[in-house]
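I have placed the structure first, in the form of C-alpha coordinates, so that the comments after it can refer back to it.
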Amino acid sequence: MLQIVFPFIAQPHQTFHSLPIALEMAARTPDAQVHVACLTEKQLDFVRSLAVHYPDAHVIYDLLNMPAVLRRRIEKHGPGPLEKIAVLGLNRSYFSKFHAIVVPERTSLYLKRMGVKGPRFIWTRHGAGDRAIGFARDTRMFDFVILSGSKIEQRLLEQGAIRPGHYHLGTYAKFDLVQRMNRTPRRLFSDDRPTVLYNPHFSSSLSSWPAMGERVIAFFAQQDRYNLIFAPHVRLFDRDKAAGEALRQRFADCSHIIIDPGSQRSVDMTYTLAADLYLGDVSSQVAEFLIRPRPCIFLNAHDTTWQNDCNYSFWNLGEVVNDVDQLADALARADSQHTAFIARQEAYVADTFELTGQEPTAPAAADAIVAFLRSSLRPASSRHSLKNAGVSLPVFPRVPRPPVLSHQTALRQTDPAPVHAPSAP
(Lines give C-alpha, C1' and ligand atoms only; values in the text may rest on other atoms or scores of the structure.)
Protein backbone atom coordinates (compact mmCIF):
# COMPACT_ATOMS: atom_id res chain seq x y z
CA MET A 1 0.00 0.00 0.00
CA LEU A 2 1.24 3.47 -0.87
CA GLN A 3 1.90 5.64 2.17
CA ILE A 4 1.58 9.34 1.30
CA VAL A 5 1.70 12.34 3.61
CA PHE A 6 0.50 15.89 2.97
CA PRO A 7 2.16 18.08 5.65
CA PHE A 8 0.95 21.61 6.34
CA ILE A 9 3.71 23.53 8.10
CA ALA A 10 2.93 27.06 6.91
CA GLN A 11 0.08 29.57 6.89
CA PRO A 12 -3.52 28.53 6.13
CA HIS A 13 -3.68 29.96 2.61
CA GLN A 14 -1.38 27.18 1.39
CA THR A 15 -3.79 24.49 2.57
CA PHE A 16 -6.20 25.20 -0.29
CA HIS A 17 -3.58 24.28 -2.87
CA SER A 18 -2.84 20.72 -1.83
CA LEU A 19 -5.58 19.49 0.54
CA PRO A 20 -8.07 18.88 -2.31
CA ILE A 21 -5.47 16.66 -3.99
CA ALA A 22 -5.01 14.69 -0.75
CA LEU A 23 -8.75 14.22 -0.36
CA GLU A 24 -9.27 13.21 -3.99
CA MET A 25 -6.41 10.74 -3.70
CA ALA A 26 -7.91 9.19 -0.57
CA ALA A 27 -11.30 8.84 -2.27
CA ARG A 28 -9.99 7.52 -5.59
CA THR A 29 -7.10 5.23 -4.63
CA PRO A 30 -8.02 2.27 -2.38
CA ASP A 31 -4.41 1.11 -2.12
CA ALA A 32 -3.14 4.49 -0.88
CA GLN A 33 -3.12 5.47 2.78
CA VAL A 34 -3.21 9.25 2.89
CA HIS A 35 -2.03 11.19 5.94
CA VAL A 36 -2.51 14.89 6.64
CA ALA A 37 0.00 16.28 9.16
CA CYS A 38 -0.31 19.62 10.96
CA LEU A 39 1.55 21.75 13.50
CA THR A 40 -1.25 22.49 15.98
CA GLU A 41 -4.66 21.27 17.03
CA LYS A 42 -6.16 24.49 15.70
CA GLN A 43 -4.63 23.80 12.31
CA LEU A 44 -5.97 20.24 12.38
CA ASP A 45 -9.44 21.62 13.14
CA PHE A 46 -9.15 24.00 10.19
CA VAL A 47 -8.14 21.20 7.83
CA ARG A 48 -10.98 18.99 9.09
CA SER A 49 -13.44 21.84 8.53
CA LEU A 50 -12.40 21.95 4.88
CA ALA A 51 -12.32 18.18 4.50
CA VAL A 52 -16.03 17.86 5.28
CA HIS A 53 -16.65 19.07 1.73
CA TYR A 54 -15.17 15.75 0.53
CA PRO A 55 -17.40 13.22 2.33
CA ASP A 56 -16.01 10.23 0.41
CA ALA A 57 -12.42 10.90 1.47
CA HIS A 58 -11.02 9.21 4.55
CA VAL A 59 -7.59 10.40 5.58
CA ILE A 60 -5.50 9.99 8.71
CA TYR A 61 -4.85 13.18 10.67
CA ASP A 62 -1.49 13.43 12.47
CA LEU A 63 -0.18 16.08 14.84
CA LEU A 64 3.53 16.60 14.25
CA ASN A 65 5.80 16.01 17.23
CA MET A 66 7.42 18.99 18.98
CA PRO A 67 8.04 20.35 22.48
CA ALA A 68 5.10 22.12 24.07
CA VAL A 69 7.01 25.43 24.19
CA LEU A 70 7.56 25.34 20.41
CA ARG A 71 3.92 24.50 19.74
CA ARG A 72 2.78 27.40 21.94
CA ARG A 73 5.12 29.74 20.06
CA ILE A 74 3.67 28.65 16.72
CA GLU A 75 0.12 29.00 18.04
CA LYS A 76 0.84 32.55 19.19
CA HIS A 77 3.03 33.93 16.42
CA GLY A 78 2.53 31.58 13.48
CA PRO A 79 5.18 29.36 11.92
CA GLY A 80 8.31 31.33 11.05
CA PRO A 81 11.21 29.91 9.02
CA LEU A 82 13.16 28.72 12.07
CA GLU A 83 10.11 27.10 13.64
CA LYS A 84 9.30 25.24 10.42
CA ILE A 85 12.84 23.92 10.05
CA ALA A 86 12.89 22.85 13.70
CA VAL A 87 9.63 20.92 13.28
CA LEU A 88 10.97 19.18 10.20
CA GLY A 89 14.08 18.12 12.07
CA LEU A 90 12.09 16.81 15.02
CA ASN A 91 9.95 14.68 12.69
CA ARG A 92 12.60 13.15 10.44
CA SER A 93 11.71 9.60 11.45
CA TYR A 94 8.01 10.22 10.85
CA PHE A 95 8.57 11.55 7.34
CA SER A 96 11.04 8.79 6.45
CA LYS A 97 8.25 6.18 6.67
CA PHE A 98 6.36 7.47 3.64
CA HIS A 99 6.65 6.72 -0.04
CA ALA A 100 5.89 10.37 -0.85
CA ILE A 101 5.76 13.78 0.84
CA VAL A 102 3.40 16.18 -0.98
CA VAL A 103 3.73 19.86 -0.04
CA PRO A 104 2.56 23.31 -1.20
CA GLU A 105 5.77 24.99 0.03
CA ARG A 106 9.50 24.48 -0.49
CA THR A 107 10.78 24.60 3.09
CA SER A 108 10.13 20.87 3.39
CA LEU A 109 13.07 20.27 1.06
CA TYR A 110 15.23 20.73 4.17
CA LEU A 111 14.23 17.16 5.01
CA LYS A 112 16.59 16.00 2.27
CA ARG A 113 19.49 17.74 4.02
CA MET A 114 18.37 16.08 7.23
CA GLY A 115 18.79 12.60 5.80
CA VAL A 116 15.24 11.87 4.65
CA LYS A 117 16.14 10.21 1.33
CA GLY A 118 13.55 7.50 0.71
CA PRO A 119 10.30 9.40 0.01
CA ARG A 120 9.57 11.13 -3.27
CA PHE A 121 9.15 14.87 -2.81
CA ILE A 122 6.19 16.36 -4.68
CA TRP A 123 5.35 20.07 -4.93
CA THR A 124 1.80 21.27 -5.55
CA ARG A 125 2.90 24.95 -5.52
CA HIS A 126 0.57 27.61 -4.11
CA GLY A 127 -0.65 30.58 -6.06
CA ALA A 128 -0.09 31.27 -9.75
CA GLY A 129 1.72 34.60 -9.84
CA ASP A 130 4.69 35.80 -11.83
CA ARG A 131 7.19 36.67 -9.10
CA ALA A 132 10.58 34.98 -9.24
CA ILE A 133 10.01 33.14 -5.95
CA GLY A 134 7.49 30.90 -7.69
CA PHE A 135 10.19 29.80 -10.10
CA ALA A 136 13.04 29.22 -7.66
CA ARG A 137 15.80 26.94 -8.90
CA ASP A 138 15.38 24.54 -6.00
CA THR A 139 12.23 23.41 -7.83
CA ARG A 140 14.50 20.88 -9.53
CA MET A 141 14.96 19.15 -6.17
CA PHE A 142 11.35 17.94 -6.31
CA ASP A 143 10.69 14.61 -7.96
CA PHE A 144 7.32 15.72 -9.30
CA VAL A 145 5.53 19.08 -9.61
CA ILE A 146 1.89 20.11 -10.09
CA LEU A 147 1.39 23.08 -12.46
CA SER A 148 -1.67 25.20 -13.19
CA GLY A 149 -0.96 26.31 -16.75
CA SER A 150 1.40 26.67 -19.67
CA LYS A 151 2.82 30.01 -18.49
CA ILE A 152 4.36 28.33 -15.48
CA GLU A 153 5.29 25.20 -17.42
CA GLN A 154 7.27 27.07 -20.04
CA ARG A 155 9.12 29.26 -17.58
CA LEU A 156 10.19 26.29 -15.45
CA LEU A 157 11.18 24.27 -18.53
CA GLU A 158 13.30 27.14 -19.84
CA GLN A 159 15.31 27.30 -16.64
CA GLY A 160 15.65 23.52 -16.42
CA ALA A 161 13.73 23.29 -13.14
CA ILE A 162 11.32 20.59 -14.39
CA ARG A 163 11.58 17.86 -17.00
CA PRO A 164 8.99 15.92 -19.02
CA GLY A 165 7.48 12.98 -17.17
CA HIS A 166 8.08 14.63 -13.80
CA TYR A 167 5.22 17.11 -13.71
CA HIS A 168 1.48 17.31 -14.22
CA LEU A 169 -0.05 20.26 -16.06
CA GLY A 170 -3.56 21.53 -15.55
CA THR A 171 -4.47 21.68 -11.85
CA TYR A 172 -5.32 24.59 -9.59
CA ALA A 173 -6.79 22.68 -6.67
CA LYS A 174 -7.95 25.76 -4.76
CA PHE A 175 -10.70 26.36 -7.30
CA ASP A 176 -12.09 22.88 -6.63
CA LEU A 177 -12.36 23.49 -2.90
CA VAL A 178 -13.79 26.99 -3.30
CA GLN A 179 -16.50 25.59 -5.56
CA ARG A 180 -17.41 22.92 -3.00
CA MET A 181 -17.52 25.57 -0.27
CA ASN A 182 -20.03 27.46 -2.42
CA ARG A 183 -17.98 30.64 -2.41
CA THR A 184 -19.79 32.75 -5.01
CA PRO A 185 -19.98 36.52 -5.56
CA ARG A 186 -22.07 38.14 -2.84
CA ARG A 187 -22.68 41.59 -1.42
CA LEU A 188 -20.63 42.47 1.63
CA PHE A 189 -21.99 46.02 2.02
CA SER A 190 -25.55 47.29 2.31
CA ASP A 191 -25.18 49.88 -0.47
CA ASP A 192 -24.41 49.70 -4.19
CA ARG A 193 -21.11 51.55 -4.21
CA PRO A 194 -18.31 49.93 -6.23
CA THR A 195 -16.16 47.78 -3.94
CA VAL A 196 -12.37 47.96 -4.09
CA LEU A 197 -10.19 45.13 -2.76
CA TYR A 198 -6.82 46.39 -1.50
CA ASN A 199 -4.54 43.34 -1.31
CA PRO A 200 -0.93 44.33 -0.54
CA HIS A 201 1.80 41.71 -0.33
CA PHE A 202 3.70 40.96 2.89
CA SER A 203 7.28 41.35 1.62
CA SER A 204 8.49 44.83 2.57
CA SER A 205 10.84 44.98 -0.43
CA LEU A 206 7.94 44.45 -2.84
CA SER A 207 4.78 45.52 -1.01
CA SER A 208 3.01 48.87 -1.18
CA TRP A 209 2.01 48.56 2.47
CA PRO A 210 5.03 50.11 4.26
CA ALA A 211 5.21 53.21 2.06
CA MET A 212 1.59 53.68 1.01
CA GLY A 213 -0.76 51.34 2.87
CA GLU A 214 -2.14 53.52 5.63
CA ARG A 215 -2.48 56.46 3.24
CA VAL A 216 -4.53 54.24 0.93
CA ILE A 217 -6.91 53.25 3.73
CA ALA A 218 -7.13 56.88 4.91
CA PHE A 219 -8.03 57.95 1.36
CA PHE A 220 -10.97 55.54 1.28
CA ALA A 221 -12.05 56.50 4.79
CA GLN A 222 -12.39 60.14 3.72
CA GLN A 223 -14.52 59.60 0.58
CA ASP A 224 -18.02 58.27 -0.11
CA ARG A 225 -17.85 56.89 -3.68
CA TYR A 226 -16.34 53.47 -2.95
CA ASN A 227 -16.43 50.67 -0.43
CA LEU A 228 -13.08 49.20 0.58
CA ILE A 229 -12.03 45.70 1.59
CA PHE A 230 -8.55 45.74 3.06
CA ALA A 231 -7.49 42.09 2.97
CA PRO A 232 -3.71 41.87 2.63
CA HIS A 233 -1.69 38.74 2.05
CA VAL A 234 -2.35 36.63 5.14
CA ARG A 235 1.32 36.79 6.13
CA LEU A 236 1.39 40.59 6.49
CA PHE A 237 0.11 40.46 10.08
CA ASP A 238 0.78 36.79 10.75
CA ARG A 239 3.67 37.53 13.11
CA ASP A 240 2.06 40.64 14.62
CA LYS A 241 -1.63 39.96 15.09
CA ALA A 242 -1.93 42.82 17.59
CA ALA A 243 -1.02 45.34 14.88
CA GLY A 244 -3.64 43.90 12.56
CA GLU A 245 -6.31 44.04 15.24
CA ALA A 246 -5.35 47.62 16.15
CA LEU A 247 -5.78 48.64 12.52
CA ARG A 248 -9.18 46.96 12.39
CA GLN A 249 -10.30 48.79 15.52
CA ARG A 250 -9.08 52.13 14.20
CA PHE A 251 -11.48 51.96 11.24
CA ALA A 252 -14.27 50.04 12.98
CA ASP A 253 -16.63 53.04 12.71
CA CYS A 254 -16.28 53.24 8.91
CA SER A 255 -19.25 51.26 7.66
CA HIS A 256 -17.91 51.33 4.09
CA ILE A 257 -14.59 49.70 5.05
CA ILE A 258 -13.83 46.08 5.96
CA ILE A 259 -10.46 45.51 7.58
CA ASP A 260 -9.50 41.83 7.57
CA PRO A 261 -5.93 41.20 8.70
CA GLY A 262 -6.08 37.45 8.11
CA SER A 263 -9.34 35.53 8.58
CA GLN A 264 -10.38 32.55 6.46
CA ARG A 265 -12.35 34.93 4.22
CA SER A 266 -9.05 36.51 3.16
CA VAL A 267 -7.88 33.20 1.67
CA ASP A 268 -11.05 31.43 0.46
CA MET A 269 -11.81 33.89 -2.38
CA THR A 270 -14.71 35.56 -0.56
CA TYR A 271 -13.18 38.96 -1.29
CA THR A 272 -11.72 38.32 -4.74
CA LEU A 273 -15.16 37.18 -5.91
CA ALA A 274 -17.05 40.05 -4.25
CA ALA A 275 -14.93 43.05 -5.30
CA ASP A 276 -15.43 45.21 -8.38
CA LEU A 277 -11.83 46.43 -8.62
CA TYR A 278 -8.49 45.01 -7.54
CA LEU A 279 -5.91 47.33 -5.97
CA GLY A 280 -2.58 45.72 -5.16
CA ASP A 281 1.09 45.27 -5.88
CA VAL A 282 2.63 41.81 -6.36
CA SER A 283 0.28 39.32 -4.70
CA SER A 284 -0.69 36.37 -6.91
CA GLN A 285 -4.30 36.78 -5.75
CA VAL A 286 -4.77 39.04 -8.75
CA ALA A 287 -4.74 35.89 -10.91
CA GLU A 288 -7.63 34.45 -8.89
CA PHE A 289 -9.46 37.79 -9.01
CA LEU A 290 -9.26 37.82 -12.80
CA ILE A 291 -11.16 34.58 -13.40
CA ARG A 292 -13.85 37.20 -13.97
CA PRO A 293 -12.23 40.16 -15.81
CA ARG A 294 -12.53 43.38 -13.85
CA PRO A 295 -10.52 46.62 -13.50
CA CYS A 296 -7.15 46.51 -11.73
CA ILE A 297 -4.84 49.21 -10.39
CA PHE A 298 -1.29 48.43 -9.28
CA LEU A 299 0.76 50.47 -6.81
CA ASN A 300 4.42 50.89 -7.74
CA ALA A 301 5.77 51.84 -4.32
CA HIS A 302 9.44 51.11 -5.10
CA ASP A 303 9.87 52.94 -8.43
CA THR A 304 10.33 49.58 -10.10
CA THR A 305 11.22 49.50 -13.78
CA TRP A 306 8.71 46.80 -14.54
CA GLN A 307 7.69 47.10 -18.18
CA ASN A 308 9.96 44.36 -19.58
CA ASP A 309 10.28 42.29 -16.42
CA CYS A 310 8.53 38.91 -16.53
CA ASN A 311 8.16 39.05 -12.74
CA TYR A 312 5.72 41.94 -13.24
CA SER A 313 3.88 40.78 -16.35
CA PHE A 314 0.51 41.09 -14.57
CA TRP A 315 1.07 44.85 -14.24
CA ASN A 316 0.11 44.99 -17.92
CA LEU A 317 -3.45 44.11 -16.87
CA GLY A 318 -4.37 47.49 -15.42
CA GLU A 319 -3.08 50.99 -14.71
CA VAL A 320 0.10 51.35 -12.64
CA VAL A 321 0.39 54.37 -10.34
CA ASN A 322 3.44 55.56 -8.42
CA ASP A 323 1.81 57.61 -5.68
CA VAL A 324 -1.38 57.58 -3.60
CA ASP A 325 -2.07 61.11 -4.87
CA GLN A 326 -2.74 59.53 -8.29
CA LEU A 327 -5.24 57.03 -6.90
CA ALA A 328 -8.42 59.14 -7.13
CA ASP A 329 -7.93 59.83 -10.83
CA ALA A 330 -7.01 56.21 -11.54
CA LEU A 331 -10.17 55.00 -9.82
CA ALA A 332 -12.31 57.52 -11.71
CA ARG A 333 -11.13 56.24 -15.10
CA ALA A 334 -10.81 52.54 -14.21
CA ASP A 335 -14.17 51.49 -15.65
CA SER A 336 -13.84 53.45 -18.88
CA GLN A 337 -10.30 52.21 -19.47
CA HIS A 338 -11.06 48.58 -18.65
CA THR A 339 -12.06 47.73 -22.21
CA ALA A 340 -8.43 48.25 -23.20
CA PHE A 341 -7.34 45.56 -20.72
CA ILE A 342 -10.05 42.88 -21.08
CA ALA A 343 -8.33 40.95 -23.88
CA ARG A 344 -5.04 40.97 -21.98
CA GLN A 345 -6.74 39.77 -18.81
CA GLU A 346 -8.51 36.94 -20.59
CA ALA A 347 -5.28 35.83 -22.27
CA TYR A 348 -3.44 36.00 -18.95
CA VAL A 349 -6.02 33.81 -17.21
CA ALA A 350 -6.03 31.31 -20.08
CA ASP A 351 -2.24 31.08 -19.92
CA THR A 352 -2.22 30.81 -16.14
CA PHE A 353 -5.08 28.38 -15.54
CA GLU A 354 -6.22 27.16 -18.98
CA LEU A 355 -9.88 27.40 -17.94
CA THR A 356 -11.43 25.30 -20.68
CA GLY A 357 -13.86 22.99 -18.89
CA GLN A 358 -16.15 22.61 -15.91
CA GLU A 359 -14.65 19.54 -14.24
CA PRO A 360 -12.57 19.77 -11.04
CA THR A 361 -8.82 19.56 -11.59
CA ALA A 362 -7.54 18.01 -8.35
CA PRO A 363 -8.60 14.45 -9.34
CA ALA A 364 -6.23 14.47 -12.32
CA ALA A 365 -3.38 15.67 -10.12
CA ALA A 366 -4.10 12.94 -7.56
CA ASP A 367 -4.10 10.29 -10.30
CA ALA A 368 -0.91 11.69 -11.83
CA ILE A 369 0.92 11.56 -8.50
CA VAL A 370 -0.16 7.97 -7.87
CA ALA A 371 0.85 6.91 -11.38
CA PHE A 372 4.22 8.59 -10.98
CA LEU A 373 4.82 6.88 -7.65
CA ARG A 374 3.87 3.47 -8.99
CA SER A 375 6.30 3.94 -11.83
CA SER A 376 9.18 5.53 -9.92
CA LEU A 377 8.96 3.14 -6.95
CA ARG A 378 9.05 0.09 -9.23
CA PRO A 379 12.51 -1.56 -9.16
CA ALA A 380 14.84 -0.22 -11.84
CA SER A 381 15.11 -3.64 -13.46
CA SER A 382 11.34 -3.84 -13.78
CA ARG A 383 11.14 -0.40 -15.39
CA HIS A 384 13.88 -1.37 -17.83
CA SER A 385 12.05 -4.57 -18.76
CA LEU A 386 8.81 -2.69 -19.36
CA LYS A 387 10.59 -0.20 -21.60
CA ASN A 388 12.20 -2.98 -23.62
CA ALA A 389 8.80 -4.68 -23.94
CA GLY A 390 7.34 -1.52 -25.45
CA VAL A 391 5.22 -0.58 -22.42
CA SER A 392 4.99 3.21 -22.08
CA LEU A 393 5.56 4.80 -18.70
CA PRO A 394 2.96 7.36 -17.63
CA VAL A 395 2.54 10.57 -19.60
CA PHE A 396 0.42 13.19 -17.90
CA PRO A 397 -1.74 15.16 -20.35
CA ARG A 398 -3.35 18.53 -20.01
CA VAL A 399 -6.80 18.36 -18.49
CA PRO A 400 -9.78 20.75 -18.62
CA ARG A 401 -9.96 23.52 -16.08
CA PRO A 402 -13.13 24.81 -14.36
CA PRO A 403 -14.50 28.14 -15.57
CA VAL A 404 -15.82 30.87 -13.31
CA LEU A 405 -16.88 29.29 -10.04
CA SER A 406 -20.40 27.90 -10.07
CA HIS A 407 -23.00 27.16 -7.40
CA GLN A 408 -22.48 23.94 -5.44
CA THR A 409 -24.92 22.09 -3.23
CA ALA A 410 -23.84 21.91 0.40
CA LEU A 411 -22.22 18.57 1.16
CA ARG A 412 -22.71 16.51 4.27
CA GLN A 413 -20.10 16.19 6.99
CA THR A 414 -18.25 13.06 8.02
CA ASP A 415 -16.21 12.21 11.04
CA PRO A 416 -12.43 12.48 10.52
CA ALA A 417 -10.28 9.38 10.69
CA PRO A 418 -8.39 8.75 13.93
CA VAL A 419 -4.85 10.05 14.38
CA HIS A 420 -2.09 7.50 14.28
CA ALA A 421 1.33 7.09 12.71
CA PRO A 422 1.87 5.26 9.42
CA SER A 423 3.44 1.88 9.14
CA ALA A 424 6.76 1.69 7.34
CA PRO A 425 6.48 1.11 3.58
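The pair D276-R292 does not count as a salt bridge, with every side-chain nitrogen at least 4.0 angstrom from each carboxylate oxygen. We find that K42 and D45 are not joined by a salt bridge, their nearest charged nitrogen and carboxylate oxygen being 4.0 Å or further apart. Taking the charged nitrogens against the carboxylate oxygens, K151 and E158 have no contact shorter than 4.0 Å, which rules out a salt bridge. Residues D268 and R265 are not paired through a salt bridge, judged by the lack of any N-O separation under 4.0 Å between the basic side chain and the carboxylate.
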- Query: Does the ring pair (Phe, Tyr, Trp, His ring centres under 6.0 Å) test come out yes or no for H166 and F372, once each step is laid out?
  - Reply: CA-CA 8 Å; H166 290 260; F372 170 76; 5.5 Å; yes
- Task: Evaluate side-chain contact (heavy atoms from CB on, under 4.5 Å) for L290 paired with C296, printing each intermediate quantity in order.
- Result: CA-CA 9 Å; L290 286 173; C296 297; 3.8 Å; yes
- Going through the checks in order, is the ring pair (Phe, Tyr, Trp, His ring centres under 6.0 Å) test met by W123 and F142? CA-CA 7 Å; W123 189 30; F142 286 99; 5.4 Å; yes
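Proximity of a side-chain donor or acceptor of S96 to a complementary backbone N or O of R92 within less than 3.5 Å is detected. Judged by distance alone, the side chain of D309 and the main-chain N or O of N311 form a donor-acceptor pair under 3.5 Å. Of the possible donor and acceptor atoms, one in the side chain of S283 sits under 3.5 Å from a partner among the backbone N and O of Q285. Remark: the backbone N or O of A347 is not paired with any side-chain donor or acceptor of D351 at under 3.5 angstrom. D143 places a side-chain N or O within donor-acceptor distance of the main-chain N or O of F121, the cut-off being under 3.5 Å. In terms of modelled atom types and a separation under 3.5 Å, the side chain of T15 and the main chain of P12 share a donor-acceptor contact. When atom types are taken as modelled, the side chain of T29 and the backbone of A32 share no donor-acceptor pair closer than 3.5 angstrom.
Side-chain atoms of Y271 and N199 include no donor-acceptor pair closer than 3.5 Å. Between the side chains of H77 and E83, no donor N or O sits under 3.5 Å from an acceptor N or O. With hydrogens and angles left out, the side-chain atoms of H201 and D281 include no donor and acceptor closer than 3.5 Å. A donor-acceptor pair shorter than 3.5 Å cannot be found between the side chains of Y110 and K84. With 3.5 Å as the limit, one finds a donor-acceptor pair spanning the side chains of N300 and N322.
In R239, the CZ atom is crowded: over 12 heavy atoms of neighbouring residues, nucleotides or ligands sit closer than 6.0 Å. The 12-atom threshold is exceeded at NZ of K112, counting heavy atoms of other residues, nucleotides or ligands nearer than 6.0 Å. The local environment of NZ in K76 is sparse, with at most 12 non-hydrogen atoms from other residues, nucleotides or ligands closer than 6.0 Å. Heavy-atom neighbours of R113 CZ from other residues, nucleotides or ligands within 6.0 Å: at or below the threshold of 12. Under a cut-off of 6.0 angstrom, the local environment of CG in D31 is crowded, with over 12 non-hydrogen atoms contributed by other residues, nucleotides or ligands.
For the side chain to side chain donor-acceptor pair (under 3.5 Å) test with K174, the passing option among E288, Q14, Q179, H17 is E288; the others fail. Shown are I229, I297, L197, L331; of these, the side chain to side chain contact (heavy atoms under 4.5 Å, CB included) with L279 is made only by I297.
Figure legend: cation-pi geometry between R294 and Y278 absent, as NZ or CZ is not positioned both under 6.0 Å from the six-membered ring centre and within 45° of its axis. In this structure, R180 satisfies the cation-pi test against Y54, with its NZ or CZ atom closer than 6.0 Å to the six-membered ring centre and inside 45 degrees of the ring normal. Judged by the 6.0 Å distance and 45° axis criteria, R120 is not positioned over the aromatic ring of F144.
At a threshold of 4.5 Å between non-hydrogen side-chain atoms, the residues L277 and T195 do not count as touching. Put simply, the side chain of F98 does not reach to within 4.5 Å of the side chain of Q33, judged on heavy atoms.
Using the six-membered ring where Trp is involved, F230 and Y198 have ring planes that are tilted, between 30° and 60° apart. Ring pair H13/H233 is perpendicular by interplanar angle, where above 60° counts as perpendicular and below 30° as parallel. Taking the six-membered ring where the residue is Trp, F175 and Y172 present tilted rings, their angle falling between 30° and 60°.
Across all their heavy atoms, L228 and F189 have their closest contact at O-CZ, 3.6 Å. Heavy atoms only, all atoms of each residue included: F8 and S18 are closest at CE2-OG, 3.0 Å. Summarising the geometry of E24 relative to A362, their closest heavy-atom pair is CG-CB, 3.9 Å, with the distance given to 0.1 Å.
Residues passing the side-chain hydrogen bond (donor to acceptor under 3.5 Å, both in side chains) test with S263 are D260, sequence neighbours excluded. For H302, the side-chain hydrogen bond (donor to acceptor under 3.5 Å, both in side chains) criterion is met by no residue, not counting sequence neighbours.
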